[in-house]
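In this text, all values refer to a predicted model and were calculated from it rather than measured experimentally. Residue numbering restarts at 1 for every chain, and letters A, B, ... go by the order of the sequence lines.
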Amino acid sequence: MPDRYDPRTVEARWRQVWRERAEAARGVPEADGRGSGDRLPRPGRRKHYALTMFPYPSGDLHIGHWYAMVPADVHARYHRMRGADVIFPIGFDAFGLPAENAAIKRGIHPHRWTMANIERMRDQLRTMGAAFDWDREIVTCDPEYYRWNQWLFLRFFEKGLAYKKFAPVDFCPNCNTTVAREQVVGPDRLCERCDTPVVRRDLDQWFLRITAYAEELLHMDGLDWPERVLTMQRNWIGRSEGVEFSFTVRERPECRFDVFTTRIDTIYGVSFCVLAPEHPLVDRITAPAHRHAVAAYKEQAARRSEIDRLAAERERTGVFTGAHAVHPLTGEPVPVWIGDYVLLTYGTGAIMAVPAHDERDFEFARRYGLPVPVVIQSPDAAPGAAAAAAYTGAGIMIRSGPYTGLASEEGRRRLTEDMEARGIGRRQVNYRLRDWLISRQRYWGTPIPIIHCPRCGAVPVSDAELPVRLPEDAQFLPTGESPLKFHAGFRNVPCPRCGAPAARETDTMDTFVDSAWYQYRYLSPHCAVAAFDPVAAAAWLPVDQYTGGVEHATMHLLYTRFFTKAMRDIGLTPLDEPMPRLFNQGVILGENSEKMSKSRGNVVNPDDIVARHGADAVRVYLMFIGPWDAGGPWNPQGIEGAVRFLQRVWRLAATAPWNTPVMPEAAAETERVRRLLHRAVASVTTDLERFGFNTAIATLMGLVNDLYAYLAAGGGGAVAHEAIRSLILLLAPFAPHLAEECWQLLGGAGAVHDQPWPEYDPALIASDAVTIVVQVNGRLRTRIEVAASLPEDAVQAAALRSPRVQEALGGARPERVIVVPGRLVNIVVRH
RNA sequence: GCCGGGGUGGCGGAACGGCAGACGCGCUCGACUCAAAAUCGAGUGUCGCAAGACGUGCGGGUUCGAAUCCCGCCCCCGGCACCA
């Protein structure tokens, strides 16, 4: 027996064993093509579907992947030892721009580039020692995967949930494609992928109607998700309730425009209206004298969305159209302006402006000398004072006709009801959420299965023709244009309906479509007759525990919820939510507590560290750094602690003297050790339930320290054996290789990961002697040892008797004594 | 500006309203060794010889007792931000 554990040889050996066992256990594919094989949960077993967000095959597995996947693996392994039938699939999010960029730059076909990367990452993932179900692997660029993206798209299309629309969209000039609203980040409107500012373009694009589910997506009661993700989704959807009503144009009574407001209580304070510059009515209502100015402003506004982005101080500008709108309640005319602070894409593209009670309108009115009538009395402003700033809070309505004197909330209710009753307004709910733009002008994605016929319009490809495959012989040129556009064989096809020459759609789908339903495909990855086998789906779904980064809060996590709801309404699943439980891990930082990046030179390469210390040490250290959701800096010396800990465990298993009897001097310690063990089992178990990996490892370290002390004091025998055996089982999810090795050293039968999780005896956790903290006026003075069963008054008496307490009291009479059973006595005196 | 999450030794971090600093890193000392590494043991919040005092971003409060609860501030991280 060597005197040191050598992870390099041992880990590789066990990985080989696991691989052989997995091969042997692999089921024979079923002849009917359902493809779920024999992998359904066994009768009588609890099922557990663990899912970690699949990686993009960039070609290198970095420490962030380890940080995301290792604790997910530990949790899944723990459930397996608790007797659940666990699936823990893995795959690759294999479509996307880097592959295509490599093709343009280096002439490697995206498919070859991607597959070579996957090849390499599979090996790296294997060194992690995670219990992934490799026979469920999915690769989204495989036509057998993306044909089901197309199939689902066609179902969405039939339901009116997928449609093509000519609209202003966000375009990334670096990625040379349009992107979805969710993929535009921050006030500078940067592309989520490459940080380039996006520009606005008017294009004909495919959308998925996620807004049809805006209301339902706000129902999050059943979701055990981090609060911040729920908040981000809520903000993103941006529901607001108000009233929609219309104004008639005085000069052109046939022209009316709608406005939306959440503050109908301020309607008597309207002093002008503003239309978005692109509003369709603008040209018709503009008076001849103002045509020139209006045209110039429209021109400037159109350009402004593309240039001059860094002028973050947005000034509210506009021009007068010369037209007036008739106030629906007072009949007074108010001027109609256009201004680019009003967005065509939200609400009705027009607003009633109430400068006294809206900051933007106030600034606009100031700039152009428009009146600012106050109609809400602020509780702390002098009545009748001119407004120095917009007051946007609640108050008493003034100068508001029959509503004068009402509280603004009450006025809001009454006005809504009255306007609805009179047929001049209606309750309206607006959402900030926009439909999901899925068109991408790139090659390396799922072709959208539509053919454009000059006569029949957009005609779906029939299911039997799926998949619409990407042509392999595309030309990758640095022109910024999609290769599909110029591929005659791909593009020129007859119309499926009338046979006339037609053009295939050349846009491909956003890669977020791939991951919007991948959790279904994992259940029957080889299913050739459907997107997934409903029997397998019924048995395994929903996902019991989903884990991944928070960066997907308003993208993937919103899209996948939408997909499940849409799939439910199509009749594909009974589920309302695909992932009821979500946990977000934190980010692992460089040694200097900064984000890891090549330019900062603080990148930690897991391959190097694994080569030096072994995968188990990396696993244990990553989980020990701190709470999983907090992330934290990588400390290169910190891993030494994990290495030492694992060596100490191995030495216990390899050399502990449990054949020898307990020395008499250690006999008294034996009961204590047994108690420590049972406490450790309890503590590690609850920690694993709540993702407390760092404290679970701390507990295991403490147990190892206790065992060393016990053995050094002459302990051994059955208790030592039980303790070491349980220790190995508790450690098995964290350090799977070492645990297998130690299990074998202990003579355990079978695989350590097939063993049941250790049980603990609650009676042993509550010890019979307890240490009571004694305080005087809340300050610690002494501790006393008493029997746990000692009644309260006896504990109190014992505390009062103690010399240190007597000294601290200095003869004073205790005024009050608080006894917390089993914990503490606090004696209160007045001096 | 609004919404989340944080602020505890030299460092990463522990702590159902009840012993602040578990566990680890680092450091100090000791054992083993010709020596070193490895390993094992002891110590390690600050001030103090000690008794003790002081300590969880700052200021208040509730409580017998507050890192933990409440109020007001400061700072850091993340998200949203012309959404009418």
Side-chain angles (χ1 to χ4, degrees), chain A residues 3-4 185-187 226-236 238-240 242 259-263 266 274 276 312 314-316 339-343 345-354 357-361 363-364 392 430-434 550-551 553-554 586-587 589 591 593 620-621 624-627 629-642 644-645 647-648 651 683 692 694-705 708-709 712 771-783 807 814-820 822-829:
Chain A
D3 61 350
R4 247 186 105 73
V185 181
E227 194 51 46
R228 63 178 163 159
V229 176
L230 299 179
T231 305
M232 281 157 85
Q233 292 205 346
R234 243 178 249 125
N235 291 343
W236 190 259
R239 182 184 203 275
S240 64
V259 299
F260 171 75
T261 180
T262 56
R263 291 295 305 273
T266 64
V274 186
R314 302 223 192 187
E315 297 192 331
R316 269 142 215 137
D340 68 359
Y341 81 96
V342 174
L343 309 172
T345 46
Y346 182 79
T348 60
I351 61 160
M352 65 172 205
V354 184
H357 306 294
D358 181 281
E359 279 158 23
R360 298 152 298 180
D361 298 344
E363 196 196 304
F364 194 88
T392 58
N430 265 328
Y431 302 92
R432 213 187 68 116
L433 183 71
R434 308 289 158 73
V550 73
E551 66 274 15
T554 55
V587 178
L589 304 170
E591 198 182 339
S593 296
V620 167
Y621 178 60
F624 185 66
I625 284 176
D629 56 353
W634 172 271
N635 175 359
Q637 280 174 324
I639 186 123
E640 305 283 352
R644 278 199 274 267
F645 165 62
Q647 288 289 348
R648 277 161 73 79
R651 272 202 306 279
S683 160
N694 58 328
T695 48
I697 290 170
T699 300
L700 293 175
M701 287 173 166
L703 179 61
V704 168
N705 293 346
Y708 267 73
T771 305
I772 302 286
V773 169
V774 183
Q775 300 177 329
V776 175
N777 286 340
R779 285 170 188 280
L780 175 72
R781 290 302 158 184
T782 189
R783 295 153 221 256
E807 196 181 310
E815 189 167 297
R816 198 175 150 187
V817 181
I818 290 111
V819 181
V820 182
R823 301 193 74 104
L824 138 161
V825 176
N826 188 15
I827 299 152
V828 185
V829 292

Requested in this report: Examine the side chains of Thr262(A) and Ser240(A) and answer whether a donor and an acceptor come within less than 3.5 Å of each other.
Outcome: no
Query - Any residue meeting side-chain contact (heavy atoms from CB on, under 4.5 Å) with Asn705(A), in chain and number order, not counting sequence neighbours - result: Arg648(A)
**Report entry** Rounded interatomic separation in angstrom, taking CD from Gln647(A) and C1' from A38(B)
**Finding:** 10 Å
Requested in this report: Pick the C1' atom in G57(B) and in C3(B), then give their distance to the nearest Å.
Outcome: 22 Å
Query raised in the report: Which residues satisfy the side-chain hydrogen bond (donor to acceptor under 3.5 Å, both in side chains) test with Gln775(A), sequence neighbours excluded?
Result: none
Query raised in the report: Just checking Arg651(A): base, sugar-phosphate only, or nothing, at a heavy-atom cut-off of under 4.0 Å?
Result: sugar-phosphate
Please tabulate, one pair per line, each protein N/O and nucleotide N/O from nucleotides 50-56 of chain B that are separated by under 3.5 Å, including the distance.
unit_1, atom_1, unit_2, atom_2, d
G52(B), OP1, Arg804(A), NH2, 2.5
C54(B), OP2, Arg779(A), NH1, 2.9

Report task. Give one of base, sugar-phosphate or nothing for Ser240(A), where a contact means two heavy atoms less than 4.0 Å apart. Result -> sugar-phosphate
For nucleotides 63-65 of chain B, list the nitrogen or oxygen atoms of the protein found under 3.5 Å from its nitrogen or oxygen atoms, one pair per line.
unit_1, atom_1, unit_2, atom_2, d
C64(B), OP1, Arg816(A), NH1, 3.0
C64(B), O2, Asn826(A), ND2, 2.4

Query raised in the report: Taking protein heavy atoms under 4.0 Å as touching, what does nucleotides 21-29 of chain B look like 5' to 3' if B marks base contact, S marks sugar-phosphate-only contact and - marks none?
Result: -BBSSS---
**Report entry** Ranges pairing with ranges for RNA chain B, where each run has three or more Watson-Crick or G-U pairs under 3.5 Å
**Finding:** B:1-7 with B:74-80, B:10-12 with B:23-25, B:26-31 with B:39-44, B:45-47 with B:52-54, B:57-61 with B:69-73
Report task. Please measure how far the P atom in U8(B) lies from the corresponding atom in A67(B), and state the result in whole Å. Result -> 15 Å
Using a cutoff of under 3.5 Å, can you pull out all pairs of nitrogen or oxygen atoms linking the protein to nucleotides 68-70 of chain B, with atom names and distances?
none

Query raised in the report: With a cut-off of 6.0 Å (strictly less than), are more than 12 heavy atoms of other residues, nucleotides or ligands near CD of Glu551(A)?
Result: yes
Check the interface with nucleotides 42-48 of chain B: list each N/O to N/O pair with the protein under 3.5 Å, or write none.
none

Query raised in the report: In whole Å, what is the span from the CG atom of Asp340(A) to the C1' atom of A84(B)?
Result: 15 Å
Query raised in the report: With a non-hydrogen cut-off below 4.0 angstrom, is Pro627(A) in contact with a base, only sugar-phosphate, or nothing?
Result: sugar-phosphate
Query - P gap between A22(B) and G45(B), integer Å - result: 8 Å
Query raised in the report: For atom P, what is the distance between G41(B) and G24(B), given to the nearest Å?
Result: 11 Å
Report summary line: Its glycosidic angle compared against 90° from 0, G10(B) adopts the form anti
Query raised in the report: What residues form a side-chain hydrogen bond (donor to acceptor under 3.5 Å, both in side chains) with Arg434(A), not counting sequence neighbours?
Result: none
Report task. Answer yes when Arg234(A) and Glu227(A) have at least one side-chain N-carboxylate O distance shorter than 4.0 Å, and no when they do not. Result -> yes
**Report entry** Qualifying residues under side-chain hydrogen bond (donor to acceptor under 3.5 Å, both in side chains), relative to Thr392(A), sequence neighbours excluded
**Finding:** none
Requested in this report: Using atom CZ of Phe260(A) as one end and atom P of C82(B) as the other, report the distance to the nearest whole Å.
Outcome: 16 Å
Measure all distances between protein nitrogen or oxygen atoms and nitrogen or oxygen atoms of nucleotides 3-5 of chain B, and list the pairs falling under 3.5 Å.
none

Query raised in the report: For Val342(A), which contact category applies under a 4.0 Å heavy-atom criterion: base, sugar-phosphate, or nothing?
Result: base
Query raised in the report: Asp358(A): what forms a side-chain contact (heavy atoms from CB on, under 4.5 Å) with it, not counting sequence neighbours?
Result: Arg360(A), Asp361(A)
Query raised in the report: What is the nucleic acid contact for Leu343(A), judged by heavy atoms within less than 4.0 Å: base, sugar-phosphate only, or nothing?
Result: base
Query raised in the report: In whole Å, what separates the P atom of G72(B) from that of C77(B)?
Result: 24 Å
